[in-house]
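Each residue takes its place number in the sequence, starting with 1.
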Amino acid sequence: MTASPDGDGELIVRNDAYIDSGDIARQLGMLPAAGSAAEARLTKVANLRTRAQNWVRGSGPESIADGVWVVRGGFPAKTMNVYFIADDGGCDDV
């Protein structure tokens with residue numbers, strides 16, 4: 001919160017407030033109680049979904065040397081490695 005002096009006291013100029021959307025969802029009954037077994041199971045499901053998506057989509061670019069990146073991927077197994085190499089001027093011969 002930012003305040004500036006105003007004669008007798010202080011005048012509030014700015015007040016930043018943040019909400020905990022997880023806490024609100026718990027109060028509305030949309031999420032299990034914090035620290036409960038149900039919350040732990042829900043977290044495992046969410047993490048499993050993320051890992052499955054990363055497995056299918058492959059990884060993001062990974063720098064392996066100056067000006068060289070690799071993207072690993074492929075479905076159903078990660079059987080491809082695509083290499084990107086930095087170029088000074090691009091390709092003029094098409």
**Q** As an exercise, state the distance from CZ of Arg72 to CE of Met80, rounded to the nearest 0.5 Å.
**A**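 Between atom CZ of Arg72 and atom CE of Met80 there are 13.0 Å.
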
**Q** Working to the nearest 0.5 angstrom, can you tell me the gap between Asp20 CG and Gln27 CD?
**A** 9.0 Å

**Q** Do Val82 and Trp69 touch side chain to side chain, with heavy atoms closer than 4.5 Å?
**A**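 They are not in contact (no side-chain heavy atoms under 4.5 Å apart), so the answer is no.
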
**Q** Donor-acceptor pairs are to be reported for all side-chain atoms of residues 28-37 against protein atoms at under 3.5 Å, with residues two or more places apart or in another chain.
**A**
{"unit_1": "Ser36", "atom_1": "OG", "unit_2": "Ala33", "atom_2": "O", "d": "2.7"}
{"unit_1": "Ser36", "atom_1": "OG", "unit_2": "Glu39", "atom_2": "N", "d": "3.2"}

**Q** From Asp66 CG over to Ile85 CD1, what is the distance, rounded to the nearest 0.5 angstrom?
**A**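 CD1 of Ile85 is found 13.0 Å from CG of Asp66.
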
**Q** Is the shortest side-chain heavy-atom distance between Ile24 and Ile19 below 4.5 Å?
**A** yes

**Q** Main chain of Gly22, side chain of Arg26: is a donor-acceptor contact present, judged purely on distance under 3.5 Å?
**A** yes

**Q** Could you walk me through whether Val71 and Tyr83 pass the side chain to side chain contact (heavy atoms under 4.5 Å, CB included) test, one step at a time?
**A** CA-CA 7 Å; Val71 175; Tyr83 295 90; over 6 Å; no

**Q** Sequence neighbours excluded, which residues qualify as side-chain hydrogen bond (donor to acceptor under 3.5 Å, both in side chains) partners of Arg41?
**A**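 Not a single residue meets the side-chain hydrogen bond (donor to acceptor under 3.5 Å, both in side chains) criterion with Arg41.
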
